[in-house]
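These notes are about the structure you will find just below.
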There are 2 protein chains.
Amino acid sequence: MSTSPTVPRPGAVVSMDDVARAAGVSTATVSRALRGMTSVSAATRERIEAVARRLGYVASPSAASLASGRTRTIGLLTPWVDRWFYAHAIDGAERALREVGFDALLYTFDLSRDQSRPRVDPSVLRRRVDGILVVGMPLSKEEVTSLEALDLPLAFIGTGRDDHVTVRLDDDAAGRCATEHLLGLGHRRIGHITGPAGVDHSWSPPVARHAAWRVALEDACVAAEPGWAVDGAFDVNGGREAAHRLLDTHPEITALFAASDEMAMGAVLAARERGLDVPGQLSVIGIDGHDLGELVGLTTVAQDPARQGAEAARLLLADIALWATPGAERVSGALQVLHATHLVTRSSTASPRKT
Amino acid sequence: MSTSPTVPRPGAVVSMDDVARAAGVSTATVSRALRGMTSVSAATRERIEAVARRLGYVASPSAASLASGRTRTIGLLTPWVDRWFYAHAIDGAERALREVGFDALLYTFDLSRDQSRPRVDPSVLRRRVDGILVVGMPLSKEEVTSLEALDLPLAFIGTGRDDHVTVRLDDDAAGRCATEHLLGLGHRRIGHITGPAGVDHSWSPPVARHAAWRVALEDACVAAEPGWAVDGAFDVNGGREAAHRLLDTHPEITALFAASDEMAMGAVLAARERGLDVPGQLSVIGIDGHDLGELVGLTTVAQDPARQGAEAARLLLADIALWATPGAERVSGALQVLHATHLVTRSSTASPRKT
DNA sequence: CTGTTAGCGCCTTCAA
DNA sequence: TTGAAGGCGCTAACAG
C-alpha cells in the first residue's frame, strides 16, 4: 500500500483541467466551487471538492495571481528579524496572515547602509504582494513616498506617521508610566537613555518616550538637566556605554529610565561594573517586557509585540478588502491603534537610599 | 517637477510589451536582455535596459513563474521566529537569499498541536517555492516524507537526518566541550539539562548533546547517575524548574551543563532562588552564545545561527541549480555541514569549592 | 542575434 | 447554475 494510493501518478502535477474532467464539469465551475463562490449548486460543489481532494489538487498561485491580479501575499518589511521586538511582531503577523490563507514574504534590509540614499527599493514588491506591513522601521520621508507610490495598502507596526494605518504602543503613556514610577518611589534626579531618533523625527518611539520623560519630570516640578538624556543605540552595549557616560558626568543621578529593556539591561551591567548596587544606589526601569528581563530583575513597562503584529496584519487585510471593493472608500483618516502597556515591577527599582 | 517625470502614467503598470514597443524589439528579446542571457547584442541590451529603467518596468513574478515553472522563492519552515536560534537563522537565510534575488516565504506552524497528526501540511508549498529550508524543526518521519513528496530541493538548519542537506553545529563536539570545561575545572558531579527530543530521536540536537555529556563523563571515569539529567523544555522557565528538580533530588551536583543558554540562564535563576552562589557553589554552562548571556555572566559554547542560515540557503540554491540542470545528478550523498563552536568563558563557571 | 508562435494554469466576463 | 472563450504577462521552442 503506497503512501498516497488515491493520486493517479505520484509526482505528476494535477491541474484544474484534471479536476474538471474527473468531475465532469468545466474549469470555470471548478474554479468557482473551490473558491467558495455561491453560484454553485451544493451537489456540484461537493462532488468537485471530493474529486479535488482525491486527486490532491492544489491551485497554482502563479496562475491565480496572474489571472486575478491578487497574490494573497503580504510583504513584511523590516530591518531585522533577530531582535526581540521585531521577531515577536513578525511572528504575530505571520500567524495572523496564515490563519486566513495569506503568505508572508520577508524583506529585510540593512539599516546601517549609507544614510544618503534610500535603503528600501520597494519596486521589487510590485505585483508581488497585495499589501505591505512595515515592522518598526524608521523610514525617511522619501522611502515612505516610494512605498506609497506602489499604490498598495500599507500598515505600520511600532512606528509610523499618523496618515497611515499604525499599530504601536502608547509611547507617551509608557514613558510617563516609567518616569512616574521612579518619581513615585521618591527619585528626582532621573536620567534617560534614549535611542536613535531615526530619519523622520515626527513619528519615532524614542522621541516620544524621551518627550514623555521630560514632561513627567516637569509635571513633578523637576528641571531635567540637558546632560541627563543620552543615546543608547537600542541595544545592550549601547545602553551600557550610555549609562557609563551618564554616570561619569552626572553622578547625582539616582535612577535611570531606558527607552528599551535591552538598554536597561545594559545599564544594569554598567552599574555592576561601577560597583553600584541596583536598586540600592541606582534604580533602572525599561520598556518592553523582554523575556529575559527577569535575569536582572528588571522593572519594566511591558508591551506585546506579537499582538501588535497580529492586529496590524488584520487591519491591513481589512484595508485590502476595502481596496478590492469598487465603491468603498475609507471615510475617516488612517487608523491609529495604541496598545496599552502595563508596569511589571521587579527588583531593579526602589526608593532612593537616604544620603 | 514631479517625483518621477520619466514614467508616462504614474500608477499604470508597465508591461514587457510596453518596453518592447518603446525599444523597437520583440518581447522575447526584452525577456532575454533583462535576464542577462548572452544571446543579445550589447547595443540592444543597453537600449532595452535604458528603456526599461526609464519606464520603471518591473517584471511580474506571477507571469514569470507561470511561464518558467520557477518561482525564485524559498519556503522557510519553522516552528517559531521569536526564539533566539530561529530568529538569527532566519535572518541569516533571508539575507543570503535576497542577495541573489530570491524571496523568503515564512511558514510557521504550531509545535504545540496534537502530536498524533502531522502539524505540517506541505501541500500549500506546491508550485509556490523552488525549495524548502527547514529551520531547526523536529519533524516526524511522516512529516519529512510528506515534504519529500513535494519533490523539491530541501535543506535543514540545526537539525536534520543525514540523508538530507544539513547545516548544524557539531553537537557532539559542543557537548563534549562544555562537559570537559567543567571536568577540567575539577567538577565530577555534573548535571545535565536537556530538551525535548522531538519526534525522531535519531537527529535531535538535545539527544546528541546529552549523549556527548554522558560520553565525556565516562571518558573521565565518572559514572553519571540516571537522575543527573532532566528535561528543561529549551526555555528559561523550563531550565529553572529543571534545575530545581535536579538540585532537590541530587544536592551533590556541583555543576550544570544545559543544552541551551536559555535553560542555563534559568538554572542560574534557580540557583539564586536557592541561595546558591554561582559559580561558588554551582557552576553553570550553556550552549548558544546568546546575546544576553552576559547578563548573568554565562559561560557558554557559542555558535552562529545566522551563518548557519546563510550557508544552508546557499547550499539549497546550489541544489536548486543542480535540479535545473538536466544531466546533473548529485554524486555523493547529502551534504552534512558541521559548524564549529567555541568556548566563551565568563563568570558562571569555576572550580568547585573545597568542602 | 532576433522574431514568431504557443502555451503556462487560472479567473472572469458573457451567454446560455 | 453552468459553459465557452479570451486573456493575465511572461518564457521557451523553433525558425530565420
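Chain naming here is simple, since letters A, B, ... match the order of the sequence lines and numbering starts at 1 in each.
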Separation of B/D82 CG from B/T108 OG1 (nearest 0.5 Å):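 Between B/T108 OG1 and B/D82 CG, I get 9.0 Å after rounding to 0.5 Å.
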CD-OG1 distance between A/Q336 and A/T166, expressed to the nearest 0.5 angstrom: 4.0 Å
The helix from C/dC1-D/dG16 to C/dA16-D/dT1: angle between end helix axes, five pairs per end, rounded to 10 degrees: 30°
Whole angstrom value for the distance that separates P of C/dC11 from CZ of A/R70: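 Atom-to-atom, A/R70 to C/dC11, this comes out as 9 Å.
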Interatomic distance, B/R32 CZ vs C/dG3 C1' [rounded to whole Å]: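 Checked: the CZ to C1' distance equals 8 Å.
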Residues within residues 34-45 of chain A bordering DNA chain D, heavy-atom distance below 4.0 Å: A/S39, A/V40, A/S41, A/T44
Listed partners of [X] passing side-chain contact (heavy atoms from CB on, under 4.5 Å), at least two apart:
X	result
B/A20	B/T27, B/V30
B/E99	none
B/R98	A/Y107, B/E94, B/D103
B/T44	B/V25, B/T29, B/V40, B/S41, B/R47, B/I48

Taking all atoms of both residues into account, what is the closest heavy-atom pair of [X] and [Y], and its distance?
X	Y	answer
A/S60	B/L66	OG-CD1, 4.4 Å
B/Y86	B/W80	CB-O, 3.2 Å
B/D130	B/F102	OD2-CE2, 3.9 Å
A/I320	A/P153	CG1-CG, 3.7 Å

B/R314: partners by salt bridge (charged side-chain N to carboxylate O under 4.0 Å, His left out), with sequence neighbours left out: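 None.
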By salt bridge (charged side-chain N to carboxylate O under 4.0 Å, His left out) - contacts of B/R21 (at least two apart): B/D18
Any side-chain donor near an acceptor of the partner, A/Q308 and A/H88, under 3.5 Å: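 A/H88 and A/Q308 do not have a side-chain donor-acceptor pair below 3.5 Å.
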Pair B/S140, B/E143: side-chain N/O donor-acceptor within cut-off below 3.5 Å: yes
Name the nucleic acid region contacted by [X], choosing base, sugar-phosphate or nothing; use a 4.0 angstrom heavy-atom cut-off, strictly under.
X	answer
A/V30	nothing
A/R127	sugar-phosphate
B/S26	base

Results of side-chain hydrogen bond (donor to acceptor under 3.5 Å, both in side chains) for B/D17 - residues two or more places apart only: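 By the side-chain hydrogen bond (donor to acceptor under 3.5 Å, both in side chains) rule, B/D17 matches no residue at all.
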Contact under 4.0 Å: A/S68 side-chain N or O vs C/dC11 OP1/OP2: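 No, no such contact exists.
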DNA chain C-proximal residues of residues 58-65 of chain A, any heavy atom under 4.0 Å: A/A59, A/S60, A/A63, A/A64
Bounds of contact between DNA chain D and chain B, in 5' to 3' order, using a heavy-atom cut-off under 4.0 Å: D/dG9 to D/dA13
Side chain to side chain contact (heavy atoms under 4.5 Å, CB included) assessment of A/L147 paired with A/I132: CA-CA 9 Å; A/L147 275 180; A/I132 299 173; 3.9 Å; yes
Using the 3.5 Å cut-off, write out each protein N or O paired with an N or O of nucleotides 5-7 of chain C and the distance between them.
none

